[in-house]
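For the numbers below, each heavy atom of this structure counts, side chains included, while hydrogens, waters and symmetry mates do not. For reference, positions follow the sequence shown, starting with 1.
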Amino acid sequence: MKLLDYAIKSTNEYMEKMPKSQRKKYGQFFTSKETAVFMAGLFDIPTEKNELHILDAGAGSGILIVALLDRLQDKCQVEKISVMCYETDANIIDLLRRNLDYACNNSTKEIVYEVRTENYILSQVLEYNNMLGADPMSHKYDLIIGNPPYMKIGKDAPEAQAMPDVCYGAPNLYFLFAAMGMFNLASNGEMVYIIPRSWTSGAYFKSFRQKFLNEGALEHIHLFGSRDKVFDQESVLQETMIIKIKKAPDKPETVTITTTQSNFDFSDLTTFEAPYNIVVSGEDSYVFLVTNEQEVRTLELLNGWKDTLPSIGLKMKTGLTVDFRNREALRSEQEEKAVPLFYSQHIQNGKVLFPIGKEHEYIVTEQSGLLQENANYLFVKRFTAKEEHRRLQCGVYLANKHPEYEKISTQNKINFIGGSRELSECIVYGLYVLFNSTFYDCYYRILNGSTQVNSTEVNTMPVPPLATIEAMGKELIRCHDTSETTCDNIVRSFIYAEDRGSENDPERIASAS
């Protein structure tokens with residue numbers, strides 16, 4: 001029996017006895033055999049070393065570490081393998097040791113292992129924060145493989161306080177494990193982790209991304225088209241990815257990005273070589289998950305614009321009113337002092353319709369934090385379903401459609417774009433051109449794998465100068481057609497005009513007036 005087959009068999013027996021609810025307390029989900037084999041296969045095994053030091057910081061039953069030991073069986077130059085495993089779940093320690101004992105007793109290599117039951121993060125606080133002096137040889141490993149715990153912790157949790165340089169807000173254990181893994185890697189060592197996609201963008205992960213991608217070179221990303229094939233028998237709904245990163249200052253020219261759509265055995269795998277400076281981009285070190293040339297071209301085209309919404313005096317914000325926290329202020333019918341409360345349902349076919357007979361579409365309140373000026377805005381839905389055609393779904397709101405109100409309110413499941421001064425109709429329609437185009441929808445999908453439209457991320461996306469946005473809006477108004485195709489044609493015409501060297505050309509902009 002192969003080393004891995006034994007570990008899988010014993011793990012399945014454990015899963016039958018231990019309910020998922022119990023394992024979830026530890027953020028514990030077991031990797032499928034096929035995923036473990038794929039991850040172990042991503043390593044470039046050093047050819048000059050006859051002894052390897054490998055680490056799994058959240059070993060569980062040992063599936064990943066045993067998969068890697070299986071892979072090393074046919075590497076003739078490797079004679080000795082030293083294994084370090086961390087695991088804090090007392091329920092699974094005996095199973096982990098049995099799987100490692102089996103590997104040691106049935107391997108063609110000399111294997112020695114140690115299982116530490118202490119907290120992986122807290123056990124290295126002093127070393128990580130350089131409080132013991134520099135000792136570059138301590139706790140360094142050639143290969144690190146892992147499926148870290150997926151568990152949110154408070155900003156005051158000991159693990160968060162132990163790694164202040166990568167924490168912002170309430171962190172998740174998985175990226176603390178990844179950051180500590182980078183610390184534990186030897187120079188030119190490699191780490192293969194399976195983690196959620198959420199770290200690739202957003203403010204919460206900015207410090208982590210910047211340090212992680214400064215110290216390491218991202219060499220391989222694997223994306224799963226189906227969430228239910230990653231963790232065998234686990235029904236995990238988390239969007240996950242596999243990354244391989246090398247601890248080296250020099251970055252490769254390309255990142256290998258592989259994708260599987262449905263097969264759990266990786267038989268439908270596709271491969272794309274993406275330019276490194278496209279995948280890892282910007283001062284926030286966002287990771288753009290491009291899978292084909294068309295997506296690369298989209299990023300290249302839009303990145304030609306150097307402005308962002310905030311730099312031109314605009315900003316996307318999240319709706320002001322959390323309706324269930326303000327039930328006493330909600331009304332379903334118009335009454336004195338009531339003002340409109342806009343929900344995502346009011347955004348229909350590029351317009352904002354009101355009223356629509358929806359429950360609680362009015363609000364009566366004196367709280368200034370729940371009210372905004374009745375001005376021109378672009379409303380954007382915050383949430384969409386994964387299977388929907390578009391992630392960015394927006395509608396134009398014009399104040400002159402409802403002159404009877406001085407104030408309005410927005411429910412927090414929509415976002416809105418406004419400015420420090422009231423926006424002209426042309427600018428709002430220009431914003432609609434951008435956000436209703438397939439260019440921007442594609443850009444956002446590459447930037448963020450979730451179904452939530454995050455205002456922080458949108459505010460970092462490139463946009464043209466305000467004069468160009470206004471000109472786009474004038475062109476859309478003249479067309480009398482707010483379709484996606486029309487928006488694409490308008491965006492394309494301005495992009496390619498600027499490619500020909502006519503950026504901000506007064507004649508080009510005037511022609512749209």
Side-chain angles (χ1 to χ4, degrees), residues 309-310 313-386 388 390-436 440-441 444 448 450-459 473 482:
L309 288 175
L314 306 178
K315 195 171 186 181
M316 176 177 277
K317 298 180 181 180
T318 300
L320 307 180
T321 299
V322 181
D323 50 352
F324 68 85
R325 292 179 182 166
N326 296 277
R327 289 190 179 94
E328 73 288 346
L330 305 182
R331 304 288 188 273
S332 295
E333 302 290 341
Q334 172 67 291
E335 63 178 68
E336 187 179 0
K337 295 185 178 181
V339 301
L341 172 59
F342 291 97
Y343 294 77
S344 60
Q345 293 92 326
H346 290 105
I347 302 172
Q348 299 180 21
N349 299 318
K351 300 177 181 179
V352 177
L353 305 181
F354 183 89
I356 58 173
K358 183 189 182 311
E359 184 181 27
H360 299 156
E361 62 181 344
Y362 295 92
I363 186 170
V364 178
T365 182
E366 298 295 326
Q367 294 185 56
S368 59
L370 301 182
L371 298 173
Q372 60 201 87
E373 294 297 322
N374 183 19
N376 297 333
Y377 299 100
L378 184 74
F379 288 168
V380 182
K381 293 183 180 181
R382 273 188 70 199
F383 298 95
T384 55
K386 184 175 175 64
E388 288 193 67
R390 293 188 57 87
R391 186 70 66 243
L392 298 178
Q393 300 183 22
C394 55
V396 171
Y397 174 79
L398 299 178
N400 62 17
K401 299 291 185 181
H402 301 283
E404 66 272 30
Y405 300 109
E406 291 185 6
K407 302 286 185 178
I408 63 171
S409 188
T410 44
Q411 196 240 8
N412 78 322
K413 290 185 180 178
I414 69 171
N415 294 317
F416 63 90
I417 300 176
S420 54
R421 56 184 175 81
E422 183 166 353
L423 305 183
S424 69
E425 290 189 12
C426 292
I427 289 176
V428 175
Y429 275 107
L431 291 170
Y432 175 84
V433 170
L434 294 177
F435 284 84
N436 192 54
Y440 272 75
D441 192 68
Y444 192 79
N448 185 317
S450 77
T451 57
Q452 179 175 340
V453 177
N454 185 297
S455 59
T456 300
E457 293 168 354
V458 169
N459 286 326
T482 58

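The closest donor-acceptor contact from the side chain of Asn415 to the backbone of Val453 lies under 3.5 Å. Distance alone, capped at 3.5 Å, is enough to place a donor-acceptor pair between the Asn436 side chain and the Thr482 backbone. Listed for the Ser344 side chain is no donor-acceptor partner under 3.5 Å among the backbone atoms of Ile414. Without hydrogens or angle criteria, Asn326 side chain to Ala329 main chain gives no donor-acceptor distance under 3.5 Å.
Aromatic ring orientation, Tyr343 versus His346: tilted (interplanar angle from 30° to 60°).
The only option from Lys358, Glu361, Glu359 that meets the side-chain contact (heavy atoms from CB on, under 4.5 Å) definition with Ser332 turns out to be Glu359.
Listed by chain and residue number, Lys407 satisfy the salt bridge (charged side-chain N to carboxylate O under 4.0 Å, His left out) test with Glu373 (two or more places apart in sequence, or in another chain). For the ring-ring contact (aromatic ring centres under 6.0 Å, His included) test, residues two or more places apart in sequence or in another chain that qualify with Tyr440 are Phe435.
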Using residues 392-402 as the side-chain source, report each donor-acceptor pair under 3.5 Å to any protein atom, sequence neighbours left out, with the distance given to one decimal.
from, atom 1, to, atom 2, distance (Å)
Gln393, OE1, Lys381, NZ, 3.3
Gln393, NE2, Glu388, OE1, 2.8
Gln393, NE2, Arg390, O, 3.1
Tyr397, OH, Asn374, OD1, 2.6
Asn400, ND2, Glu425, OE2, 2.8

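The distance from atom OG of Ser409 to atom CD1 of Ile363, rounded to the nearest 0.5 Å, is 4.5 Å. Atom CD of residue Glu366 and atom NZ of residue Lys337 lie 5.5 Å apart, to the nearest 0.5 angstrom. The CG atom of Leu309 sits 6.5 Å away from the CG atom of Leu431 when rounded to the nearest 0.5 Å.
Applying the 6.0 Å contact sphere to OH of Tyr429 captures no more than 12 heavy atoms from other residues, nucleotides or ligands. Open room surrounds CD on Glu406; 12 or fewer heavy atoms of other groups in view lie less than 6.0 Å from it.
For the residue pair Ile356 and Gln345, the shortest heavy atom distance occurs at CD1-O, 3.8 Å. Scanning all heavy atoms of the two residues, the minimum distance from Leu371 to Leu320 falls at O-CD1, 3.6 Å.
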